[in-house]
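Here's the structure, in structure tokens; my notes come after.
One-based numbering along the sequence shown.
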Amino acid sequence: MKILDGKYVSQKVRDSIKQEILEIKEKEGKVPGLAVIQAGDNLASKIYVNSKIKQCAEVGIESKNFIMSADVSEKELLDKIEELNNDDTIDGILVQLPLPDHIDTPKVIEAIEIGKDVDGFKPENLGKVVLGDETALISCTPAGILRLFEEYNIDLEGKDVVVIGRSNIVGKPMTALLINEGATVTVCNSKTKNISEKTKTADVIIVAVGKANFLTGDMIKKDAVIIDVGINRDQDNKICGDVDYESVKETVGFITPVPGGVGPMTIAMLLNNTLKAFKNGKKI
Ligand code: NAP
């Protein structure tokens, strides 16, 4: 069993972003800027936002955090986004989800300018991903997974890949990226019959379901590559993924641990998208 070490690879990505930003700063006297909007006091959101802001500072991205109360109106949020769309010092806008229930989330995401959509959530960016457009701001989790495959020389061409989960932020963009890499992709959801029949023959399995111990050793073939996207809590309240690690470890070829696999790659790709948005904006 080999580990796809997201902690190590994400550090490598961050080092390279930091170097590039240093060079841009020396040459142009400018650095990329990221605005993070938070509404309400969801504890998990606060932790994620703090981590993103800290990592921005480490690589030299200037971040601005806008904290709004849980009863913020949709108009106030939309006005803030409009202001940031027109702010030249801001290259990326991130709205931390979930938003409070009274806010129409798709409407808020839709308000972000395409070139500043560093989460890659807008329909236009997903469309660009499907078409293989190089300027796409790719949803961070699938982009991070692709970077892991690259780092460990896992060639996807001709491979049978099963993606479990069809969300707009993980399963769907992941599927498009895999298709563009030449993989043969099967996408499963909660209505899929006999999932294990599909996973048993897969070279690569990407699990993004959100259920602890969902994928077990009897569902995989020898030397399969497993990407565990899930973030759950086990009986002892410890973070765990969607894979029953103990039962797959004798059979699996490569696997991402949880924590330390996909999670750190996701944040690294947010930083990468912010740099990319800056460069797409032709400011250098
Ligand atoms: P989501 O929007 O809740 O989607 C879950 C998907 O799993 C849905 O497509 C659902 O199918 C499918 N599903 C649920 N039960 C299933 C079953 N029994 N068999 C097959 N498919 C089933 O979730 P998400 O946003 O993609 O996130 C998935 C997990 O990844 C969560 O644990 C989340 O916390 C984690 N995550 C981690 C990162 C990271 O950086 N590590 C990033 C994003 C998400 P239906 O569509 O039919 O309902």
Side-chain angles (χ1 to χ4, degrees), residues 6-7 10-11 13-14 34-59 61 63-74 76-77 80-81 92-109 112 117-122 138-145 164-174 190 206-214 227-243 245 256-274:
K7 241 174 129 174
S10 65
Q11 185 60 55
V13 171
R14 288 197 302 273
L34 176 70
V36 182
I37 302 177
Q38 221 179 317
D41 50 8
N42 180 308
L43 182 63
S45 292
K46 269 190 198 163
I47 295 170
Y48 285 133
V49 167
N50 287 343
S51 173
K52 288 168 186 174
I53 287 172
K54 187 167 161 260
Q55 293 195 30
C56 276
E58 279 167 16
V59 299
I61 291 173
S63 66
K64 287 185 187 161
N65 192 11
F66 299 92
I67 302 171
M68 306 190 146
S69 65
D71 60 359
V72 63
S73 71
E74 195 171 281
E76 271 175 273
L77 265 178
K80 177 50 77 185
I81 289 171
I93 303 171
L94 181 153
V95 178
Q96 184 64 42
L97 302 182
L99 289 171
D101 288 345
H102 65 282
I103 306 283
D104 181 347
T105 300
K107 193 172 169 187
V108 170
I109 301 296
I112 301 171
D117 170 34
V118 282
D119 260 333
F121 287 170
K122 288 199 72 162
I138 307 172
S139 182
C140 300
T141 300
I145 294 170
I164 313 177
R166 55 170 163 177
S167 70
N168 292 341
I169 63 169
V170 184
K172 285 179 191 165
M174 188 75 247
S190 63
I206 300 174
V207 207
V209 169
K211 288 186 176 145
N213 298 326
F214 181 85
I227 305 292
D228 190 353
V229 182
I231 303 177
N232 311 293
R233 296 264 173 198
D234 67 12
Q235 306 97 307
D236 306 323
N237 208 30
K238 271 178 40 193
I239 299 274
C240 68
D242 288 348
V243 178
Y245 208 81
T256 55
V258 179
V262 175
M265 291 305 298
T266 298
I267 303 191
M269 289 300 133
L270 169 72
L271 308 175
N272 196 51
N273 271 350
T274 306

- Please step through side chain to side chain contact (heavy atoms under 4.5 Å, CB included) for the pair Lys64 and Leu34, ending with a clear verdict. CA-CA 6 Å; Lys64 287 185 187 161; Leu34 176 70; over 6 Å; no
So CD1 of Ile37 and CG of Leu94: to nearest 0.5 Å the spacing works out to 8.5 Å
Discussion item. Closer than 3.5 angstrom, by distance alone: can the side chain of Asp236 be matched with the main-chain N or O of Lys238 as a donor-acceptor pair?
Written reply: no
Using atom types as modelled, flag every donor-acceptor pair under 3.5 Å from a side chain in residues 44-58 to any protein atom, sequence neighbours excluded.
unit_1: Asn50; atom_1: ND2; unit_2: Lys46; atom_2: O; d: 3.3
unit_1: Lys52; atom_1: NZ; unit_2: Gln96; atom_2: OE1; d: 2.8
unit_1: Gln55; atom_1: OE1; unit_2: Arg14; atom_2: NH1; d: 3.4

### Message
Do Val243 and Phe214 have side chains that approach each other closer than 4.5 Å (heavy atoms only, starting at C-beta)?
### Response
no
Scanning both residues in full, the closest heavy-atom pair of Val170 with Ala208 reads CG1-CB, 3.7 Å
Any side-chain heavy-atom pair of Val36 and Phe66 under 4.5 Å:
no
In terms of heavy-atom contacts, Pro98 and Asn42 come closest through CG-ND2, 3.8 Å
Here the gap from Asp228 atom CG to Tyr245 atom OH, rounded to the nearest 0.5 Å, amounts to 9.0 Å
(request) Side-chain contact test, heavy atoms from C-beta onward, threshold under 4.5 Å: evaluate it for Leu97 versus Phe121 and give yes or no. (result) yes
Smallest heavy-atom separation, Pro264 atom then Gly261 atom, equals CD-O, 3.4 Å
Smallest heavy-atom separation, Leu99 atom then Ala39 atom, equals CD2-CB, 4.1 Å
query: When you measure from the side chain of Lys122 to the backbone N and O of Ile112, does any donor-acceptor pair fall under 3.5 Å?
result: yes
Validation row: Val108, Ile81 side chains within 4.5 angstrom (heavy atoms)
yes
*Kindly indicate, with the supporting measurements, whether the criterion side chain to side chain contact (heavy atoms under 4.5 Å, CB included) is fulfilled by Val207 and Ile227.*
CA-CA 6 Å; Val207 207; Ile227 305 292; over 6 Å; no
Taken to the nearest 0.5 Å, the spacing of Leu77 CG from Asp104 CG works out to 11.0 Å
Steps toward side chain to side chain contact (heavy atoms under 4.5 Å, CB included) verdict (Ile267, Cys140) = CA-CA 7 Å; Ile267 303 191; Cys140 300; over 6 Å; no
Rounding to 0.5 Å, atoms CD1 (Ile206) and OG1 (Thr256) come to a distance of 9.5 Å
Is a side-chain donor or acceptor of Asp242 paired with a backbone partner of Gly210 at a separation under 3.5 angstrom? yes
*Are the side chain of Ser139 and the backbone of Ile169 linked by a donor-acceptor contact shorter than 3.5 Å?*
yes
Sorted by chain and number, sequence neighbours left out, salt bridge (Lys or Arg N to Asp or Glu O under 4.0 Å) with Glu76 holds for none
Quick check: does any side chain N or O of His102 sit under 3.5 Å from a backbone N or O of Val72, one acting as donor and the other as acceptor? yes
Nearest heavy-atom contact between Pro173 and Ser167 is CD-O, 3.9 Å
### Student check: side-chain heavy atoms of Gln38 and Met68 closer than 4.5 Å
no
One should read off an interatomic distance between Ile103 CD1 and Thr105 OG1, to the nearest 0.5 angstrom, of 7.5 Å
field: Any side-chain heavy-atom pair of Met269 and Ile138 under 4.5 Å
entry: no
Rounding to 0.5 Å, atoms CD1 (Ile93) and OG1 (Thr274) come to a distance of 11.0 Å
*Stepwise side chain to side chain contact (heavy atoms under 4.5 Å, CB included) check, Ile145 with Val229*: CA-CA 9 Å; Ile145 294 170; Val229 182; 3.8 Å; yes
